[in-house]
There are 2 protein chains.
Amino acid sequence: MQLSTQEATSAGIFSASKRHRAPDAFDVLEQFGCNVVVRRTHEIYLHDEPTEFCWKIITGCARTVQLMEDGRRQVSEFHWPGDLLGMDDLETYYSDAEAVTDITLRRYPRRVVEAQANNHAPLALWLRTMTLAHLRCARRQIALLGRKTAVEKIASFLLEMDRRFAPVDGRLVELPMSRMDIADYLGLSIETVCRNLTHLQREGTVAILRSGVELRNRDALLEIACGTWS
Amino acid sequence: MQLSTQEATSAGIFSASKRHRAPDAFDVLEQFGCNVVVRRTHEIYLHDEPTEFCWKIITGCARTVQLMEDGRRQVSEFHWPGDLLGMDDLETYYSDAEAVTDITLRRYPRRVVEAQANNHAPLALWLRTMTLAHLRCARRQIALLGRKTAVEKIASFLLEMDRRFAPVDGRLVELPMSRMDIADYLGLSIETVCRNLTHLQREGTVAILRSGVELRNRDALLEIACGTWS
DNA sequence: CGCTCATTTGATTAACATCAAAACCAGTGG
DNA sequence: CCACTGGTTTTGATGTTAATCAAATGAGCG
């Protein structure tokens, strides 16, 4: 089966080994957007609020978070420049979104996005493609959370961060999020995250730096992360 | 913000406490469909195959499964009558889909679905709405896998099964899938699933029957499952 | 420097997995 | 009807992983 050119192009975006975004169907909305800045740790939207806006990340990193009443926390995804926030739900937002670093966003009214999608098929396809990319990401995370050990989770995480946001084509993976964020993303405690990073460092697989982690042996990491569903 | 009528209707489908599907935008494809039957434990589609078809479940239950090389298994979702299978990926299927029970499906060529979506906006919206429902489901599962204890997982699972597929408005939740399926869905071992079901039975919260589980105290289950993200 | 907060390391505990065996159940054939 | 078989489910005993508790180290900042 051959898909349309648009679809094939769209689907390639998230499979690129280094982040590189083609000009997208969202551009038809440019005139309706305005820039906003959100400071580190501040929220972008809140659980249960009506979905009034969506945002495209220009610079910085965001997280979507689910909170339980007793304080347990789960980070469901990290979001990077080019990602779309607030399109994952129809009527109200399902999770909280917060800025991990100071972040610059371009904000669009959902009304307009939905209206445009309704008479601009490439945009509609683009929106579904984006949603599918998030779904694939979520399914990978489900396999990780359900069936991987702590060290496998850490290795998978480092490779994912490298894949999703490595500004330079080098070994350094910047980790703007705290250890607590990583722990809540991987379903671990902070201490377990630290211990396993140290463990990987002792093996010589990675080097831990202030700003992130240097991948000294990608093959070893891939081996540990269990290949396919890394 | 007010969304269109179509969208509001679509969004309501998965939030209904008992399964009840409105006539959907997929109906425009009816002429292109054909019925197929798949026997218990047989596959519907396989990981990495090109996405040639999609299927609407008429009767029966299916599961989507991710397999690691060493045999570890993760069930990412169970699927029920009315659900759409094989629309979760663009070019190739991400997971395997298998019949949990003997299952009747209506099969459609993806080419046609995509072509129709391209010039029939309600169908495009419907497809995105379906994808969003799966994404929401996946995010709930992520919070469950990352942060809930075994007994909380079991309680959440029983309530989810009740919500998603309870043919009668009674206390009985039919569980067509094996304990192994449940374990691989919740990221637990078979034994832990059994033990915690027994534990809930001893408390009088549920009664375990051949065909499923009787919910004797829904409030207690809700309490155990930790409300919000159940 | 002295404060705070994040990270790292160590000691202990709890939760769940694993290993092993018994009970149960659905078919099958006498 | 019963006995036999293969699979699944349940229960029990033990082991392992990661969480928790606690303290030390390190980094950023007035």
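Convention: sequence-line order gives letters A, B, ...; per-chain numbering from 1.
- As rounded to whole Å, 14 Å separates atom P of C/dG10 from atom NE2 of A/His199.
- With hydrogens and angles left out, the side-chain atoms of A/Thr131 and B/Thr131 include no donor and acceptor closer than 3.5 Å.
- Considering only side-chain N and O atoms, A/Thr198 lies under 4.0 angstrom from the phosphate OP1 or OP2 of C/dT9.
- In summary, the side chains of A/His42 and A/Glu98 do not present any donor paired with an acceptor at a separation below 3.5 Å, with no hydrogens or angles considered.
- Between the P atom of C/dA26 and the CZ atom of B/Arg40 lies a distance of 12 Å, rounded to the nearest Å.
- Two residues, A/Arg147 and A/Ser178, neighbour DNA chain C, and the one matched to the more 5' nucleotide by heavy-atom proximity is A/Ser178.
- Of the residues near DNA chain D, B/Cys194 and A/Ala150, the one whose nearest nucleotide (by heavy atom distance) lies more toward the 5' end is B/Cys194.
- Rounded to whole Å, the distance from CE on A/Met180 to P on C/dC5 is 13 Å.
- Taking the ring axis of A/Phe53 as reference, the NZ or CZ atom of A/Arg107 stays within 45° of it and closer than 6.0 Å to the ring centre.
- Along DNA chain D, the stretch of nucleotides lying under 4.0 Å from any heavy atom of chain B spans, 5' to 3', D/dT9 to D/dA13.
- Between A/Arg195 and C/dT9 there is no side-chain polar atom (N or O) within less than 4.0 angstrom of OP1 or OP2.
- By the 30° and 60° cut-offs, the orientation of the rings of B/Tyr45 relative to B/Tyr93 is parallel.
- In this structure a side-chain-to-backbone donor-acceptor pair under 3.5 Å is missing from B/Glu52 to B/Arg110.
- With B/Leu67 as reference, B/Arg73 is the one residue of B/His47, B/Gln74, B/Arg73 to meet the side chain to side chain contact (heavy atoms under 4.5 Å, CB included) rule.
- B/Glu214 contributes atom CD, which lies 10.0 Å from atom OG of B/Ser211 (distance to the nearest 0.5 angstrom).
- C/dA22 atom C1' lies 16 Å from atom CD1 of B/Ile190, rounded to whole Å.
- Both B/Glu191 and B/Asn196 lie close to DNA chain C; mapped to their nearest nucleotides by heavy-atom distance, the more 5′-ward contact belongs to B/Asn196.
- Residue A/Ile208 places its side chain closer to C/dT8 than to any other of C/dA20, C/dT8, C/dG10.
- In this structure, A/Arg179 atom CZ and C/dT7 atom C1' are separated by 7 Å, rounded to whole Å.
- Whole-Å rounding puts the A/Leu197 CG to C/dA6 C1' distance at 14 Å.
- Atom pair A/Arg210:CZ and C/dC5:P shows a separation of 23 Å (rounding to whole Å applied).
- Between the C1' atom of C/dT7 and the CG atom of A/Asp181 lies a distance of 14 Å, rounded to the nearest Å.
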